[in-house]
Amino acid sequence: MGTGEILWNGLALFLTLSIFSILYKDNPFYKIAEHLVVGVSAGYFAIILYYNSFIPKVWVPVVHESKFLYILPTILGVLMWTRFSRKWSWVSRYPIAAYMGIGMGVAIPVTMQAYILVPLYATMQPIGFTSMALFNNLLVAAGVLCALVYFFFSKEHTGAFGGVAKVGIWTLMVGFGAGFGLTVMGRVSLLIERFTFMRDYLQKLFGF
Amino acid sequence: MVDSGQWTVIMKKILEKLENMDRRIIFIFIALSIAIPLLFPVNLNFSVTQPVQSFYDAIENLPPGSKVLVSCDYDPSSMPELYPMNIAVFYQLFKRGDKIITMQLWATGTLLVERAMNEVLKEFPDKKYGVDYVNLGFKEGREVVMVSMGTSIPRTFPTDYRGNKVETLPIMQGVNTFDDLTLLMNISGGLPGTKEWVLQVQSRFHVKLGSGCTAVSAPEFYPYIQSGQLVGLLGGMKGAAEYEKLLKRPGSAARGMDAQSVSHIVVFLFIFIGNVAFFALKKSKKRLKV
């Protein structure tokens with residue numbers, strides 16, 4: 001391992017431990033590492049967006065290719081910055097409105113198809129008890145119906161209706177449980193990567 | 001001798017301590033459950049789940065030499081889960097002789113993709129840039145970029161990451177829209193990611209789409225397999241490890257599975273102990289009231 005690698009990876013190790021130190025209690029090392037993350041990220045993003053967005057989408061088309069129509073979205077972008085002025089912040093509503101309009105125009109036509117109709121069709125599959133696949137389809141259909149009943153608030157959740165709603169909330173709980181389990185797995189994965197990094201660095205440094 | 005009354009008081013004190021356990025004790029146990037398996041691996045076995053098998057099969061069943069778009073939409077924060085998938089996808093495609101067209105919708109992902117590609121290229125030194133693979137680079141615009149690619153990929157990405165004109169590259173000959181690609185694979189760290197690819201591309205252009213995503217977002221995407229909107233799904237580090245197992249090329253995900261399993265057992269035990277303490281205390285408080 002070269003001197004540069006020892007120093008840079010050593011710094012990474014120090015910052016990792018500084019971030020972990022918040023688990024004990026708040027301290028200056030954590031604060032330094034936290035501020036560094038925020039500052040470096042902001043600076044990195046600013047440079048990347050300058051070279052990937054401003055230069056190819058504003059500078060080159062307007063200055064080199066004389067495509068002056070590109071000035072319009074540029075002005076809208078600049079108007080976003082008026083949010084920082086109390087007097088002029090209302091102007092930023094125009095670019096926000098344009099942005100929302102574009103967003104909705106892009107999303108709405110396909111949302112119904114992709115998020116509602118196709119999943120609905122996938123719920124309406126043949127059901128039965130003769131095979132595992134058919135039984136799974138039955139579970140999915142029953143779970144969806146019960147969960148929908150739980151969200152029906154125009155009738156009191158008592159008697160048979162209340163029973164179905166209870167199955168609905170259990171179904172939701174199973175979903176939340178799966179979500180929580182996978183979230184734990186995701187967070188542990190991040191920790192494993194940091195531990196692996198620290199192990200590899202120390203092994204290389206001390207040669208054990 | 002300890003009589004039953006004293007015994008109840010001792011138990012109550014233990015349960016109260018367990019219920020109000022200092023969270024730092026849990027942190028220490030979690031740290032140990034990860035550090036020990038990493039230092040002394042035992043290579044615990046794990047099975048391959050259907051969504052991962054389908055993901056693998058989707059690539060394996062492609063005609064040889066297919067052109068596959070791999071959109072790597074992630075950044076360093078989700079690197080532990082997604083980077084191993086990224087490497088494995090590149091590896092499987094190169095091993096089969098397929099052509100890789102890669103792109104990024106996350107600004108900070110470009111360098112990671114270059115690194116993953118360089119790592120895989122060590123095993124395939126004969127692969128040529130522009131002929132067997134190309135990196136179109138990062139493009140700002142999220143869903144608008146996706147929709148625009150449905151009209152024209154070369155117009156959406158006039159130049160690649162290295163500044164070459166995309167139209168001049170041999171790999172891009174005959175590639176104009178999604179119709180000219182055999183498969184689309186998305187490595188998704190959040191937004192924009194798989195959800196947007198399903199919405200804007202799969203439903204509009206009916207492209208075959210596979211996804212590798214973080215564990216946090218996996219529950220949201222599993223229904224897409226049942227509905228046929230995804231051909232396969234790799235969920236988190238476990239999904240990546242299963243995929244590496246299918247490829248018979250263990251990487252960082254497979255190596256992390258021991259730590260993953262042990263830490264999950266520890267989390268489970270703490271949840272179990274916490275619940276036992278909670279319900280036992282509740283019961284004893286009721287008894288005291290009576």
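Sequence lines set the chain letters: A, B, ... in the order given, protein chains first and strands last, and positions in each chain run from 1.
Taking the side chain as every heavy atom from C-beta outward, Leu39(B) and Arg199(A) approach each other to under 4.5 Å.
Taking the ring-ring contact (aromatic ring centres under 6.0 Å, His included) definition, one finds that Phe178(B) meets it with Phe205(B), sequence neighbours left out.
Not one N or O on the side chain of Arg204(B) forms a donor-acceptor pair closer than 3.5 Å with the backbone of Val110(A). Under a 3.5 Å cut-off, the side chain of Gln229(B) and the backbone N or O of Ala114(A) do form a donor-acceptor pair. Within the 3.5 Å criterion, the main-chain N or O of Ala122(A) finds a donor-acceptor partner in the side chain of Gln226(B).
Note: Ser252(B) OG to Phe197(A) CZ = 14.5 Å, rounded to the nearest 0.5 Å. The structure places OG of Ser227(B) at 11.0 Å from CG of Leu120(A), a figure rounded to the nearest 0.5 Å. Separating the OG atom in Ser78(B) from the CG atom in Leu190(A) is a distance of 8.5 Å, to the nearest 0.5 Å. The distance from the CG atom of Leu182(A) to the OH atom of Tyr222(B) is 6.0 Å, given to the nearest 0.5 Å. Note that the CZ atom of Arg255(B) and the OG1 atom of Thr196(A) stand 8.5 Å from one another [nearest 0.5 Å]. For the atom pair OH of Tyr224(B) and OH of Tyr115(A), the computed distance is 4.5 Å after rounding to the nearest 0.5 Å.
Residue Met185(A) is tested with Met237(B), Glu81(B), Gln260(B) for a side chain to side chain contact (heavy atoms under 4.5 Å, CB included); the sole match is Gln260(B).
The two residues Pro80(B) and Ser189(A) have their closest heavy-atom pair at CB-O, 3.6 Å. Residues Ala107(A) and Gln200(B) come closest through the heavy atom pair CA-NE2, 3.8 Å.
Contact annotation for Phe195(A): both backbone and side-chain heavy atoms come within less than 4.5 Å of a heavy atom of chain B. Interface remark: Thr183(A) contributes backbone and side-chain atoms alike to the contact with chain B (heavy atom separation under 4.5 Å). For chain A, no part of Phe268(B) is nearby; none of its heavy atoms comes within less than 4.5 Å. The contact between Asn137(A) and chain B is made entirely by side chain atoms (from C-beta outward), counting heavy-atom distances below 4.5 Å. In this structure, chain B has a heavy atom under 4.5 Å from the side chain of Arg187(A), while its backbone stays farther away.
Proximity to chain B among residues 9-33 of chain A is limited to Leu23(A), Tyr24(A), judged by heavy-atom separations below 4.5 angstrom.
Applying the 6.0 Å contact sphere to CE of Met100(A) captures no more than 12 heavy atoms from other residues, nucleotides or ligands.
Each of Glu196(B), Glu220(B), Lys238(B), Glu140(B) has some count of heavy-atom pairs under 4.5 Å with chain A, and the biggest count is that of Glu140(B). Contact count against chain A (heavy-atom pairs under 4.5 Å) is highest for Leu199(B) among Ile30(B), Leu199(B), Leu38(B), Ile34(B).
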